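First comes the structure, then the notes that go with it.
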Amino acid sequence: MLAAATLISIVSIFLPAESRGGLGAAFSLERPGSERSAAPCVSPALRARLAALDTSSGPSGNPKQFAAPPLVPFFPIGGAIDGDTFLAGFVDVDPAPLAVQDYSCHGFAYDGHRGHDAPLRSFAQQAIGIPVFAIRDGVVALAQDGFPDENVFPGVDDGNYLILDHGDGTQSWYFHLKKHSVAFATAQSVAAGQQVGLAASSGYSFAPHLHFEVQQNGQAYEPFAGLCDHGASGFAKQPRLALETKLLDFGVTTTDLATVPGLPQPWPTDAQIGFADTNQFFWAQGVNLPPNSTYRFRFVRPDQSLEWETPHWPLANPGHWRTFGVWFWFSILGMQSIPGTWTVELEFNGVEVASVPVEVVAVTDPNFNRPPAPIAVALDPASPSPGEVTFCRVATSLVLDDLDLDLVRYRYQWKVNGQVVRDNVFAGHADALPRDAFAIGDTVACTVTPNDGSVDGPSATASAIAQREGFTNLGLGKYSKWDVPCFEGVSTLLPGAIGSFTLAQARPNALALLMIGLGQGNVPLIGGTLVPFPVALTLTLATDANGSLAFPFVWPAGVPSGFSFYAQYWIADPAATAGASASNGIRGTTP
Ligand SMILES: [Zn+2]
């Protein structure tokens, strides 16, 4: 042994010094089949106990048919789906034992899984807090709290959870909540949009995530509609299925990442690399890594010349990884002598996923820190309406939200007519205000201040005067392959009000029929549901190259108060069954 070690050290002395490094480890954040089938988020014993207390009293029958309004008006987490969180796992729609299939015919589920899993990036985000909101009004059928919440293997207890009974035969389940965060007790009433808890990893859980599940008449229900789960979508606006490779976070550190636990424990970051730091470590977490992916690093000096680029090296992932973590070590020669702002670029499969400035200095300053990057803030909907849940959404980069790659948290301060009504610090990119937190004519404002743990970045504010929104989303869209076109009606429906019927997430450059009727027929039609029936008016329109269209209108005078009508887009679409997809339906009612 001694001889071999001596030989290596002698050889390395005579080798020309050069940059080197490569993959440390790459891993899927899903568990292998044998582990996950044993732990489908809710323990079998708990599920049996919960089934016994099902109090649903709604209409019986096919679980894919339900009464309006839509089962799921929004995904109930304080984050952005396809942003800082993600839908990693769906309902397993294949009842056969060990067979796994999701609504989109992929395997993004666990065997027997009955809900949707929205992961947090790490326990660091969990510690700061990511809120979970009630989707609709309800009464707590069962809630419990007080159990450990950082499980990386299923806990021996049931964890912390809350189950809401909506009184119409449907329930919504919120599982794995943070210890002491469950905000309501059994039998208490909850309004749509109220915070029911914080997302965590209690109970049957491997990593911090929200398990959200909807049930109808005691049966789990998949509100997503797609090629492998026919019927109408249960979402007011069904989130699109994300299949692109994307990073959720990226970091640079001088800590040897082989010596730290790693995800779901947060990986470290450093704001500077010193000449004495002969090894540099880079980590990334992301989504949708296709089988047998490759990576490439490029190290660009402060003067923009190239120091070194690696070949396209394998990540050695045999299957599609829905969510993954990966880390790399490098010893970059120029980083030991050339100070300034370097650029480190990472590609997966030849496509750049990160381009990050890295500060290299002769001697590191432990107090070096820069504030978080500026953010943009928007209200969702843009015109808040008293009956609806209002979201405040942050737009920022997932990688460059902070130049030092620090973890950013956000203070969400809501004001109604200048009075603070809700004020919290969360790690996610959204917060919500419950329904009826304000009245028509009130000024609703959300001010968000990012903070990296020691200094604030610039605040941003979104505000609007609350209006009566004339439209309600009814759901019942018909999928095109995986995604359901989204229809939004925006107008107060006051005489002379300007409004629009906008369509998004539809087939590009396609014929779109806007159908309007005076009744909600919910008539079965070529595998979908025709919401307006009988149809009184049809307008022939077309989507643009993005699959969107906007149809503006001015609401006429003289329409009586309380008048209702229904509208829906049907789109010519070869990817949909019977050659047509359909948006959600909407109802307009005049004030
Ligand atoms: Zn789950």
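By convention here, the first residue in the shown sequence is residue 1. Note that ligands are numbered from 1 as they come in the structure, with each ligand's atoms numbered from 1 the same way. Keep in mind it's a predicted model, so treat the numbers as computed, not measured. Values below: every heavy atom of this structure, side chains too, minus hydrogens, waters and symmetry copies.
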Keeping to residues at least two apart or across chains, list the salt bridge (charged side-chain N to carboxylate O under 4.0 Å, His left out) pairs with something in residues 231-241.
Asp82-Arg240, Lys237-Glu488, Arg240-Glu244
If I consider every N, O or S atom in His211, which one ends up closest to the Zn ion (ligand 1)? I only need its name.
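Looking at His211, the N, O or S atom with the least distance to the Zn ion (ligand 1) is ND1.
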Tell me which N, O or S atom of Asp117 sits nearest to the Zn ion (ligand 1).
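Asp117's closest N, O or S atom to the Zn ion (ligand 1) is named OD1.
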Who passes disulfide bond (SG atoms under 2.5 Å apart) against Cys486, sequence neighbours left out?
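If we apply the disulfide bond (SG atoms under 2.5 Å apart) test to Cys486, skipping adjacent residues, there are no hits.
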Is the distance from the Zn ion (ligand 1) to some N, O or S atom of His116 under 2.8 Å?
no
Check whether any N, O or S atom of His176 sits under 2.8 Å from the Zn ion (ligand 1).
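Under 2.8 Å: His176 has no N, O or S contact with the Zn ion (ligand 1).
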Between Tyr295 and Ser293, a side-chain donor and acceptor under 3.5 Å
no
Distance flag, aromatic centroids of Phe282 and Phe328, threshold under 6.0 Å:
no
